[in-house]
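Just below is one structure, and these are the notes that go with it.
Below, all heavy atoms of this structure are taken into account, side chains as well, without hydrogens, waters or symmetry copies.
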Amino acid sequence: VTGSRMDDLKQTLKALYTGSSRRAQMFRYFLIAFDAVTILFFLVSAPMQLSPAMELLSALIGILILLDFSARLWIAPNRRQMLRQVYAIADVIVIASLLLAPLLHDDLAFLRVLRALRLIQSYHLLHDLRRVSKFFRRNEDTVIALINLLVFVFFTASLVFALFADKNAGLKGYVDALYFTVTTLTTTGYGDILPSTMAQKLLAVFIMVVGVALFVRLAQALIQPS
């Protein structure tokens with residue numbers, strides 16, 4: 001009886017995640033909204049000192065992401081292949097950072113970088129949008145190029161903030177990290193924020209090389225027809 005119930009639950013989940021019914025479409029819209037909200041939450045909370053309430057909310061989000069990840073893994077036709085996907089690896093890291101954070105007794109900066117990996121889930125979100133949105137299918141090249149650039153900018157800004165900003169700088173430190181990332185990426189280089197160590201200079205080189213390529217790709221997608 002227990003095995004039969006588990007089979008029924010698995011079929012229900014498979015129908016929700018992969019089916020074409022109205023119920024399945026509404027469920028996937030909810031997942032898209034959840035992914036977008038969690039990505040926004042991690043970006044907004046990156047410079048904040050986490051209160052007990054924020055830590056509890058982060059843990060709750062971690063549990064929800066874990067449930068979603070477990071359901072996808074359970075119904076996956078090839079689990080090993082799924083676990084090798086970049087978004088799956090990122091989700092495992094994000095889940096670990098969220099659920100283990102209360103045990104560390106310290107707001108370690110590197111956790112902010114790990115949580116920023118949730119940005120990679122946006123690519124999985126794009127996969128869902130391809131199925132449900134005609135607008136996305138018409139403008140797929142432009143949207144993907146924009147997402148590539150935004151993921152790179154905000155993840156790199158989180159990395160700069162975690163590694164080089166003053167831990168007590170808060171929002172100002174994160175804005176400075178974002179400002180440094182964008183001015184470096186666009187090769188504007190105002191010179192008011194300068195890399196001083198070898199690690200900072202190498203990161204600036206990485207931002208310029210990769211960022212400019214992504215920026216050019218976005219411009220190409222906007223100007224050239226599909």
Side-chain angles (χ1 to χ4, degrees), residues 32-33 35-50 54 58 61 86-87 89-91 93-94 97-98 107-126 129 135-136 139-224 226:
I32 290 172
D35 287 338
V37 168
T38 57
I39 290 170
L40 180 62
F41 171 76
F42 291 137
L43 290 177
V44 171
S45 63
M48 296 181 180
Q49 293 293 329
L50 296 185
M54 291 285 283
S58 296
I61 291 175
V86 175
Y87 76 86
I89 296 172
D91 265 355
I93 296 173
V94 170
S97 74
L98 289 168
D107 186 20
L108 298 178
F110 77 88
L111 289 178
R112 306 302 177 89
V113 178
L114 296 181
R115 291 169 187 175
L117 286 172
R118 184 65 178 169
L119 285 162
I120 296 175
Q121 184 68 14
S122 59
Y123 293 103
H124 193 75
L125 185 154
L126 293 178
L129 285 176
F135 172 82
F136 175 78
N139 302 278
E140 183 172 350
D141 287 346
T142 301
V143 174
I144 290 179
L146 178 62
I147 292 295
N148 286 338
L149 183 61
L150 291 178
V151 167
F152 178 78
V153 167
F154 283 104
F155 178 75
T156 308
S158 298
L159 186 63
V160 172
F161 175 75
L163 296 180
F164 306 124
D166 182 358
K167 290 186 64 176
N168 298 318
L171 180 60
K172 181 181 181 301
Y174 188 81
V175 171
D176 285 344
L178 182 61
Y179 171 78
F180 171 79
T181 301
V182 173
T183 55
T184 303
L185 181 152
T186 57
T187 66
T188 303
Y190 289 114
D192 50 345
I193 300 178
L194 296 173
S196 56
T197 67
M198 181 181 295
Q200 292 174 350
K201 291 177 181 178
L202 288 175
L203 181 58
V205 170
F206 172 76
I207 292 172
M208 283 185 280
V209 172
V210 178
V212 168
L214 293 174
F215 188 79
V216 170
R217 179 68 189 93
L218 175 60
Q220 184 184 41
L222 287 170
I223 295 172
Q224 293 183 351
S226 299

Locate the shortest heavy-atom distance separating L218 from A145; write the atom from each residue and the value. CA-CB, 3.8 Å

Would you check if the side chain of T156 reaches a backbone N or O of V153 as a donor-acceptor pair within less than 3.5 Å? no

Do F154 and Y174 have ring centroids that are under 6.0 Å from one another? no

If you compare all heavy atoms of A157 against all heavy atoms of T181, which two are closest, and at what distance to 0.1 Å? CA-OG1, 3.5 Å

Residues M208 and T184: closest non-hydrogen pair is CG-O, 3.1 Å

Look up atom CG in L150 and atom CZ in F155, then write down how far apart they are to the nearest 0.5 Å. 15.0 Å

Would L214 and L185 satisfy side chain to side chain contact (heavy atoms under 4.5 Å, CB included), going step by step from the backbone distance to the final call? CA-CA 9 Å; L214 293 174; L185 181 152; over 6 Å; no

Could you grab the distance from atom CG of L203 to atom CE of M198, nearest 0.5 Å is fine? 14.0 Å

Pairwise distance CG(D91) to OG1(T38) - rounded to 0.5 angstrom: 8.5 Å

More than 12 heavy atoms of other residues, nucleotides or ligands under 6.0 Å from OH of Y179: is that the case? yes

Shortest non-hydrogen contact from T142 toward A221: OG1-O, 3.3 Å

Once rounded to the nearest 0.5 Å, what's the spacing between atom CG of L98 and atom CD1 of I93? 12.0 Å

Working to the nearest 0.5 Å, report the span between CD1 of I147 and CD1 of I144. 9.0 Å

If you look at every heavy atom in A177 and V160, which pair is closest and at what distance? CB-CG1, 3.8 Å

Compare every heavy atom of K201 with every heavy atom of S196, then report the nearest pair and how far apart it is. O-CE, 3.9 Å

